[in-house]
4 protein chains.
Amino acid sequence: MNDHSAVSATAVTPKRDAILDAALELFSERTFASTSMPELAQRAGVGAGTIYRYFDSKDALVNALFQRWKTEMTDTVSGDIPAGLTPREQFTHWWRGLWTFATEHPAAFLFLETHHHAAYLDAASRRAGAELSDRAITYIRDGQRRGAIRKGSPEVLMALVLGAFTGLVKSATEHGRVLNRTTLETSDDAVWALLAA
Amino acid sequence: MNDHSAVSATAVTPKRDAILDAALELFSERTFASTSMPELAQRAGVGAGTIYRYFDSKDALVNALFQRWKTEMTDTVSGDIPAGLTPREQFTHWWRGLWTFATEHPAAFLFLETHHHAAYLDAASRRAGAELSDRAITYIRDGQRRGAIRKGSPEVLMALVLGAFTGLVKSATEHGRVLNRTTLETSDDAVWALLAA
Amino acid sequence: MNDHSAVSATAVTPKRDAILDAALELFSERTFASTSMPELAQRAGVGAGTIYRYFDSKDALVNALFQRWKTEMTDTVSGDIPAGLTPREQFTHWWRGLWTFATEHPAAFLFLETHHHAAYLDAASRRAGAELSDRAITYIRDGQRRGAIRKGSPEVLMALVLGAFTGLVKSATEHGRVLNRTTLETSDDAVWALLAA
Amino acid sequence: MNDHSAVSATAVTPKRDAILDAALELFSERTFASTSMPELAQRAGVGAGTIYRYFDSKDALVNALFQRWKTEMTDTVSGDIPAGLTPREQFTHWWRGLWTFATEHPAAFLFLETHHHAAYLDAASRRAGAELSDRAITYIRDGQRRGAIRKGSPEVLMALVLGAFTGLVKSATEHGRVLNRTTLETSDDAVWALLAA
DNA sequence: TATGAATGAGCGTTCATTCAT
DNA sequence: AATGAATGAACGCTCATTCAT
């Protein structure tokens, strides 16, 4: 069992990072199942055996990658929403957070989306995956209590909102467009209308 | 090259259908890449070699499957919208059409979604995939002209709407829920609010 | 799980036999652990994948081989000892049986000897391996009761006798000699002296 | 080429010894082929690279180990047989020597036996392996000349005797028994009967 | 001298595809 | 038309060996 977890976060582990970076590229270009370890090794610029110094298996690698980026996304999206805002203002923080993450790390966003349900995700990955949803549902429930968000199952509303954002990113990726600020603001208004009471 | 194109559309080709049906089951249970041809042959109740009488390769099979279901979905969703309706009424037809397809063929809906970007899709599949989007964009553009749908890029609005629906279906699947009529009506209102001027 | 056990014993399965024959050659020339599957496939004249139609794994193959030959050896050595003989006469049947088997199937004899304790042998192999010993111990116990065989632990006496025979075969193999009839008769007398009361 | 041959025999080379000791343990627990160098390094408490300061390769290591223990066994078994004894008395020295070595170094005894024929043994190992046999054959030939040992090929008689002893040790090991003094004395008599004229 | 991270050839095994029946 | 035994390239992974530190 290795994962170099004892190494401090500031330690330089360039090969481990090169492997994770190459994995993110390949798993979002193709998929996990259709990326081979030799291919990954080559892209990372390491020997095939080297991957196994850092990760126990292909599955362990994809889980480490998933957790790393899901945590980053959760922090970026829901990490620093100030208290004392109206639900409408909070929504803009959420939407802008999603936009920031998807713009800065488009491959990571698509990787997380594509691999969300995958059979090879372990308990830690599933827990990491649930955190952002949990926070969003809390936000929606609170907004409903304050009369700002429409009635209905918070899970359904969240699914609609996150689905809409995902649709936006995929569409932009497919057509080679970027998510510009105009799109951000238009969509912020439109999706808030979906949510508003 | 075979695809039985000489066989008339109404001819009964039970093995071909059995193969496509088994493929849909397996590709949505696991994934395309992690389904093997012998496995597929067994599920379809045919010999492994028989698949190659109907499809040139595994890739050709997944393309045929994609086109079959994308066509079906396009027809179900946008096939019979009566003329002379308001944009709001038309939207309900669209949304109900999506719901009908996703409810009657949940595996097909998820299969189409999952494989939308896949590298192995050929030109015909991509064309089939674009048809529904094209019709939706036409609808949105028309609604904007009539002042019923909010301003903004039709592509973006469509991405938001289809993304929202996809989010709904995936969420239901993940939590083992079905898309009931209440959810249908609640979401119809909410998503129309997203779209409405 | 395959092992073609449903196939009748008289069915011709030439590839399966070719694989087992090649495995016997290689496992006795080198060892199980240092024989590779590609090497084995080549020696057997089949593709590497073909081995896996007949055996689930390398371990399953070595177990099938062990059981096949241990059964054959048990039958040859202890299968047809007539009733009503003196212990001395019975001993000659045993010794001649060992000699027959080791002469007709020298590689099999060495393979069985070398792999007797191996960690990868399964329960069925261990059971097959114990049968001949059990019969030999019964013979010794009976000879002791009749006063023809010397006192002492039957297990120890059997270990000495079978060990002596094994030493003979290994020595012959090492020096490229065959076990001729003179050696057979000399050793029959000598080993009976070991056993006799 | 290294083997520290410049180092005097009495020099303390604790790492080399630690490596050889760990190798004996592991090669008798599993086998040579299924013991990895990193595993061996860890058991010996040295770095993986360190092994290569003392031994050129895995093969060189197993040869060094073989020679070390074969020499020790030869000395223990045939090193101090006093002159002027009868063949019967000498035999007891031989048998007791084997028993002493196998009791004090059971892993070494089994290692030597298991690797006797191994393809990777070099000329020096084969020479070391032949020494004890040569002395035993000289003893048998002398005993035959004096009329104390039965007629027949000395090689065959030696193979029977050493084989019998090996069978005894393996049987004891398999059943978790030790070679006690009673067994020693019983077997001394029995095996002398095999040898006696 | 000693280390252990790094390598890449080679392992056991799978699977898309072919072809004799 | 249909089969499924057979293939061999390619998979995930291991390990003897090297070499920068």
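Excluded from the calculations below are hydrogen atoms, water molecules and symmetry mates; all remaining heavy atoms, backbone and side chain alike, are included. All figures in this text were calculated on a predicted structure; none of them were measured in a lab. Throughout, protein chains are lettered first and strands after them, A, B, ... in sequence-line order, and every chain is numbered starting at 1.
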Between [atom2] of [N] and [atom1] of [X], the distance in whole Å:
| X | N | atom1 | atom2 | answer |
| --- | --- | --- | --- | --- |
| Gln42(B) | dA16(E) | CD | C1' | 17 Å |
| Phe55(B) | dT17(E) | CZ | P | 13 Å |
| Ile19(A) | dA5(E) | CD1 | P | 13 Å |
| Tyr52(A) | dT7(E) | OH | P | 14 Å |
| Arg43(D) | dG4(E) | CZ | P | 18 Å |
| Ile51(A) | dC11(F) | CD1 | P | 12 Å |
| Leu40(D) | dA16(F) | CG | P | 9 Å |
| Arg16(A) | dA5(E) | CZ | P | 14 Å |

Taking 4.0 Å as the cut-off, does a side-chain nitrogen or oxygen of [X] come that near to OP1 or OP2 on [N]?
| X | N | answer |
| --- | --- | --- |
| Lys15(A) | dT7(E) | yes |
| Tyr54(C) | dA5(F) | no |
| Arg53(C) | dA6(F) | no |

**OP:** Starting from the 5' end of DNA chain F, give me the residue, Gly45(B) or Asp59(A), whose nearest nucleotide shows up first.
**Re:**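 The answer here is Gly45(B).
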
Original post:
Could you walk me through whether Ile19(A) and Leu61(A) pass the side-chain contact (heavy atoms from CB on, under 4.5 Å) check?
Top reply: CA-CA 9 Å; Ile19(A) 292 163; Leu61(A) 166 58; 4.1 Å; yes

Original post:
Does any nucleotide pair with dT3(F) by Watson-Crick or G-U wobble geometry, both distances under 3.5 Å, and what is it?
Top reply: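 Checking every strand shown, dT3(F) finds its partner in dA20(E), with both distances under 3.5 Å.
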
Considering every strand and a 4.0 Å limit on heavy-atom distances, what is the contact class for [X]: base, sugar-phosphate, or nothing?
| X | result |
| --- | --- |
| Ser34(A) | nothing |
| Met37(B) | base |
| Ser36(C) | sugar-phosphate |

**OP:** Kindly give the heavy-atom pair with the smallest separation between Leu121(A) and Arg126(A), and that separation in Å.
**Re:**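 Looks like O-NH2, 3.0 Å.
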
**OP:** Grab the two heavy atoms, one from Ala128(A) and one from Gln67(A), that are nearest each other, plus how far apart they are.
**Re:**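 So the minimum-distance heavy-atom pair works out to CB-CG, 4.4 Å.
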
**OP:** Let me know, please, whether Gly49(A) or Phe32(C) comes out on the 5' side of the other along DNA chain E by nearest nucleotide.
**Re:**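 Here Gly49(A) is the residue nearer the 5' end.
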
Original post:
Between Ala33(B) and Val46(A), which has a closest nucleotide on DNA chain E that is more 5'?
Top reply: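 Comparing both residues, the 5'-ward one is Val46(A).
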
Original post:
Just wondering, do Thr31(B) and Thr114(B) contact through their side chains at under 4.5 Å, heavy atoms?
Top reply: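 Thr114(B) vs Thr31(B): side chains apart.
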
**OP:** Report yes or no: is the cationic atom of Lys58(B) (NZ for Lys, CZ for Arg) closer than 6.0 Å to the six-membered ring centre of Phe32(B), at no more than 45° off its axis?
**Re:**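 Verdict for Phe32(B): a cation-pi partner in Lys58(B).
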
Subject >> Thr50(B) side-chain proximity, nearest of dA6(F), dG8(F), dT3(F) >> reply: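 Minimum distance to the Thr50(B) side chain belongs to dT3(F).
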
